[in-house]
Amino acid sequence: MKVVVVGSGGREHALALVLGRTAEVVVTPGNPLIPGSVPTKVEDLVADGSVDLVVVGPEQPLVAGVADRLRKQGVRVFGPGAEGARLEGSKAYMKMIAEEAGLATAAWEAFTDVDDAVRYLNGMDGPYVVKTDGLAAGKGVLVTDSLIDAVNDVRSKLGGTAFGESGRRVVIEEALVGPEVSVFAVCDGTRTVCLPASQDFKRVGDGDAGPNTGGMGAWSPLPFIPEGFEEQVARDFIEPTLAELRQRGIDYRGVLYAGFILTADGPKLLEYNVRFGDPDSQVVLLRMTSDLTELLAAAADGDLTRVPAPTFADASVLVVAASEGYPVVPRTGDAIEGLDAAAACEGATVLGAGVGARPDGTLTTAGGRVLNVIGTGATTDEARTRAYDALGCISWPGEHHRTDIALPPA
Ligand code: AMP
Ligand code: GLY
């Protein structure tokens, strides 16, 4: 089977490695650390009919309709069309679908008018959650105890000074309290297979200090997950969502990335994304012992019943190595040292996220999150030790990472 993966980060590197166990994989555009990276556009790669499956990594091309365009050409695609991708493209749309499907989620309202939004905030108990409606590269959410900060955030978002057009509508919602977990639900339009849960570490600093990032680390499995959690997610969240989408004529074939807070009243859905999480899916994908290619192809064909339930082993811990200044103003262009030594460490995998290359082939930092270093082992402790041992081989000026990924609370 020949598979094309669309994207250029750590998520696509993980997909390429795991799909590559059973398929010939090309990644577009990829990056210098991902084997099989080509600059050719996906439309050109599929033109000769030799590609059996396209797996779309990031949300932007999905929201822009790449899956619809490819399907029209008869290509088998894992990833929703533009209508389904609105679940991530608009938070108000996602909340509306969640409400119609009867899912447990935070109380919410959407606003385009500043005065209405401020009135709603005034009637709430804190903490306050203010979200930009549209795509904001993971940076459109403020969670704060301060009513003044929430009001100012609403003014700047609705005033269009932040996030441009995507900020012209905000969603204000109840703050949920509890651990946050990610579930990746592979969907065939009707049915779903939920992969084991993982957890993302979103803040830049140890002990969850500092600003939010795209994710500084992840681990799976999670010892605190209730028994049968993934089955509960499938039954109470994903299947009703797929049924609601179907009623609207949306045949959702791809992954639904459900973010939950495990509250005292049970899991509540925070958000849906329409792609695998980055970096929280990598720890799950690398634990997989069954055939990912077969699973995603079956979902893309609308028939998950033809594949056995996926299997998983071991524990994985992922630590992100970030460039100086991330997440505010990352410095790029520094030479990365020690990659070969890190990759040679037992149980370690180094994924390229924001990686570039100089004309002489030297690999350089090319983004905020540069590398994802994953340790895999029989236990979380072993996996964490392996990840940090490998990370210890890697350096560039200003490199920083969290030192407490997957550590039990002190
Ligand atoms: P989102 O862009 O919706 O993923 O939100 C980004 C992050 O903000 C989430 O991963 C949570 O950590 C936090 N967050 C979002 N909504 C809520 C909420 N209702 N209650 C508490 N935290 C939230
Ligand atoms: N790690 C968060 C995300 O992929 O959205």
Side-chain angles (χ1 to χ4, degrees), residues 7 9-12 14-15 56-60 62-63 85 87-95 98 103-110 121 124-145 150 153 157 163 166-167 170-184 197-204 208 210-220 255-265 267-285 318-320 322 326-327 351 353 368-369 372 402 405:
R11 167 184 46 214
E12 289 74 28
L15 284 166
V56 183
E59 65 277 17
Q60 298 91 341
L62 292 167
V63 171
L87 282 174
E88 178 162 358
S90 163
K91 300 213 185 266
Y93 178 77
M94 176 262 153
K95 294 296 282 194
L103 313 183
T105 176
W108 68 290
E109 287 284 343
L121 283 171
M124 283 175 84
D125 297 327
Y128 308 89
V129 182
V130 181
K131 301 187 174 184
T132 302
D133 183 47
L135 290 184
K139 297 189 179 112
V141 178
L142 176 75
V143 183
T144 178
D145 288 321
D153 192 53
K157 281 174 176 161
F163 307 112
S166 72
V170 294
V171 167
I172 298 178
E173 62 182 46
E174 165 201 13
L176 301 173
V177 180
E180 188 172 340
V181 304
S182 307
V183 176
F184 303 101
S198 66
Q199 189 175 44
D200 190 1
F201 292 73
K202 301 211 178 223
R203 302 274 175 170
V204 73
D208 293 329
N212 250 322
T213 69
M216 293 297 289
W219 64 314
S220 176
V255 64
L256 262 180
Y257 159 10
F260 291 96
I261 294 216
L262 306 182
T263 73
D265 300 329
K268 290 202 180 177
L269 181 69
L270 260 192
E271 57 164 348
Y272 275 138
N273 296 305
V274 299
R275 52 175 173 87
F276 284 107
D278 189 8
D280 30 342
S281 70
Q282 281 97 297
V283 282
V284 180
L285 294 170
L318 178 153
V319 185
V320 170
Y326 179 76
L351 303 176
R369 295 185 295 167
N372 300 333
R402 281 182 63 158
I405 301 301

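What you see is a predicted model; the values in this text were computed from it and never measured. Counting starts at 1 for both ligands and their atoms, in listed order.
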Once you restrict both partners to nitrogen or oxygen, which atoms of ligand 2 have a protein partner under 3.5 Å, and how far apart are they?
residue: ligand 2; atom: 1 (N); partner: Asp200; partner atom: OD2; Å: 2.6
residue: ligand 2; atom: 1 (N); partner: Gly214; partner atom: O; Å: 3.0
residue: ligand 2; atom: 1 (N); partner: Asp278; partner atom: O; Å: 2.9
residue: ligand 2; atom: 1 (N); partner: Asp280; partner atom: OD1; Å: 3.2
residue: ligand 2; atom: 4 (O); partner: Arg275; partner atom: NH1; Å: 3.0
residue: ligand 2; atom: 4 (O); partner: Asp278; partner atom: N; Å: 2.9
residue: ligand 2; atom: 4 (O); partner: Asp278; partner atom: O; Å: 3.4
residue: ligand 2; atom: 5 (O); partner: Arg275; partner atom: NH2; Å: 2.7

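- Residues Leu256 and Leu87 meet the side-chain proximity criterion, which asks for heavy atoms closer than 4.5 Å.
- Proximity of Ala175 to ligand 1 is established by a heavy-atom distance of less than 4.0 Å.
- The pair Glu180-Lys202 meets the salt-bridge criterion, with a side-chain N (NZ, NE, NH1 or NH2) lying under 4.0 Å from an Asp/Glu carboxylate O.
- Annotation for ligand 1: atoms under 4.0 Å from non-hydrogen atoms of Val129 are 16 (N), 17 (C), 18 (C), 19 (N), 20 (N).
- Looking only at atom types and distance, the side chain of Asp280 has a donor-acceptor partner in the side chain of Tyr257 under 3.5 Å away.
- Close contacts between ligand 1 and Lys202 involve ligand atoms 10 (O) [criterion: under 4.0 Å to a heavy atom].
- Counting the atoms of ligand 1 from 1 in the order shown, those under 4.0 Å from a heavy atom of Glu173 are 16 (N), 17 (C), 18 (C), 19 (N).
- Counting heavy atoms from C-beta on, the side chains of Lys131 and Val170 never come closer than 4.5 Å.
- In this structure, the side chains of Glu109 and Ile172 stay at 4.5 Å or more apart for every pair of heavy atoms.
- No side-chain heavy atom of Ser198 sits less than 4.5 Å from a side-chain heavy atom of Gln282.
- Considering backbone and side-chain N/O of Leu176, one or more are found under 3.5 Å from N/O of ligand 1.
- Residues Tyr326 and Met216 form a side-chain contact, since some pair of their non-hydrogen atoms from C-beta on lies under 4.5 Å apart.
- One finds a salt bridge joining Glu173 and Lys95 here, because a Lys/Arg side-chain nitrogen approaches an Asp/Glu carboxylate oxygen to under 4.0 Å.
- The side-chain heavy atoms of Leu15 and Leu285, taken from C-beta on, include a pair separated by under 4.5 Å.
- The proximity of Lys131 to ligand 1, defined as any non-hydrogen pair under 4.0 Å, is limited to the side chain.
- Here the shortest heavy-atom distance to atom 18 (C) of ligand 1, taken over Leu270, Val143, Asp200, belongs to Leu270.
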